[in-house]
Structures are given as structure tokens and as C-alpha cells.
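This report refers to the structure that appears directly beneath it.
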Amino acid sequence: MEREWPGTCPPDRVMAQYFDLVIRCPACIADGRDGGLPGYWYHHQCGGGLQIGDDANYQCKSCFQRHHVRNWRYACQQHESDFRATTSAHLANAVSTAGQLTSVAGRRWLMTFLENLGDW
């Protein structure tokens with residue numbers, strides 16, 4: 001699964017906690033589909049693994065680019081070359097149901113992420 005990286009980086013946040021991004025496709029969820037099985041996501045430009053922070057940013061483990069999740073479009077195995085948008089509600093659904101992410105990160109991390117997610 002890949003993702004293009006548009007825009008500019010938000011200000012650094014020293015205390016943000018990042019974990020590997022393992023979620024279902026939030027764009028498929030927004031289209032009324034189940035989003036498939038949770039899987040790892042990768043940066044389209046460099047192929048580096050993506051991480052998600054409680055500051056509601058994604059960052060690439062390879063090139064270290066970081067952007068707020070609202071700036072992303074998603075392409076999964078169901079629509080590999082078609083990068084699609086989602087909503088904050090559908091992304092929150094994908095993240096909160098990703099058992100591996102929420103069990104490793106914990107409830108406090110998830111609540112901070114949801115607070116920083118905002119509506120868009």
C-alpha cells in the first residue's frame with residue numbers, strides 16, 4: 001500500500017509518539033467497503049515504512065517526511081493506482097479497529113490521536 005506525500009511539514013512536536021502504520025484502507029471504508037485486512041503502509045515516493053503519531057501526523061521511516069493525516073490520499077490493493085481521499089471519521093474507524101496498533105500504542109495514545117485528528 002502506498003501514499004503520495006503532498007504539502008509541507010507541520011511544526012515539530014517533541015513529545016509525539018509514533019508507531020508503525022498498520023490499518024485497513026480508510027478510503028475503502030469511506031466508499032462503504034470493509035477496507036480489507038489491516039496491513040503496513042508505505043510512502044509512495046521512497047518506499048519507506050510509514051508511522052502514525054498521536055499528533056495525527058504520518059512520518060516516513062526512510063526519508064523522514066512528516067505531514068498531517070488530512071493531507072493524505074490512500075491506494076490499497078483494491079485500487080492500487082487510484083489514490084483516494086477519506087474523512088476524519090473513516091480514518092478514525094480504520095485506526096481504532098486496528099487491533100495491533102491500538103494494543104501496542106494503548107488507549108491514551110489513541111485518545112490523543114483522536115483529539116489531534118480534528119474534523120475535515
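- With a 4.5 Å cut-off on side-chain heavy atoms, Pro38 and Ile23 do not count as touching.
- For residues 39-49, no pair satisfies salt bridge (Lys or Arg N to Asp or Glu O under 4.0 Å), with sequence neighbours left out.
- The six-membered or imidazole ring of Trp41 lies away from that of Tyr58, with a centre-to-centre distance of 6.0 Å or more.
- With a 4.5 Å cut-off on side-chain heavy atoms, His44 and Phe83 count as touching.
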**Request:** For side-chain contact (heavy atoms from CB on, under 4.5 Å), just list the numbers for Leu50 and Cys60, CA-CA rounded to whole Å, side-chain angles, deciding distance to a tenth of an Å, and then say yes or no.
**Result:** CA-CA 5 Å; Leu50 291 176; Cys60 177; 4.2 Å; yes

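- Considering every non-hydrogen atom in both Lys61 and Asp20, the closest pair reads NZ-OD1, 3.1 Å.
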**Item:** Residue pair Cys63, His43: steps toward the side-chain contact (heavy atoms from CB on, under 4.5 Å) verdict
**Value:** CA-CA 9 Å; Cys63 70; His43 186 198; 3.3 Å; yes

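- To the nearest 0.5 Å, atom CZ of residue Arg66 and atom CD of residue Gln51 are 10.5 Å apart.
- One N or O on the side chain of Asn116 and one on the backbone of Thr112 form a donor-acceptor pair closer than 3.5 Å.
- For the pair Asp54 (side chain) and Gln17 (backbone), a donor-acceptor distance under 3.5 Å is present.
- For the pair Thr86 (side chain) and Ala30 (backbone), a donor-acceptor distance under 3.5 Å is absent.
- When ring centroids are compared, Tyr74 and His79 stay outside the 6.0 Å threshold.
- In terms of hydrophobic clustering, with Ile, Leu, Val, Met, Phe, Trp and Tyr side chains grouped at heavy-atom distances under 4.5 Å, Leu117 and Phe19 are assigned to a common cluster.
- Annotation: the span from Arg24 atom CZ to Leu37 atom CG amounts to 9.5 Å, rounded to 0.5 Å.
- Remark: side-chain polar atoms of Asp31 are not paired, donor with acceptor, to backbone N or O of Arg33 under 3.5 angstrom.
- In this structure, Phe113 and Trp109 have parallel ring planes: the angle between them is below the 30° cut-off, well short of the 60° mark.
- Scored by the salt bridge (Lys or Arg N to Asp or Glu O under 4.0 Å) test, Asp82 finds Arg84 as partners (sequence neighbours excluded).
- In this structure, Cys28 SG and Gln77 CD are separated by 10.0 Å, a value rounded to the nearest 0.5 Å.
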**Request:** Decide side-chain contact (heavy atoms from CB on, under 4.5 Å) for Leu91 and Val69; before the verdict, give the C-alpha distance in whole Å, the side-chain angles of both, and the deciding distance to 0.1 Å.
**Result:** CA-CA 9 Å; Leu91 179 58; Val69 296; 3.5 Å; yes

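- For the atom pair CZ (Arg70) and CG (Asn57), the distance works out to 8.5 Å, reported to the nearest 0.5 Å.
- Using a 4.5 Å heavy-atom cutoff, the side chains of Tyr40 and Leu21 are not in contact.
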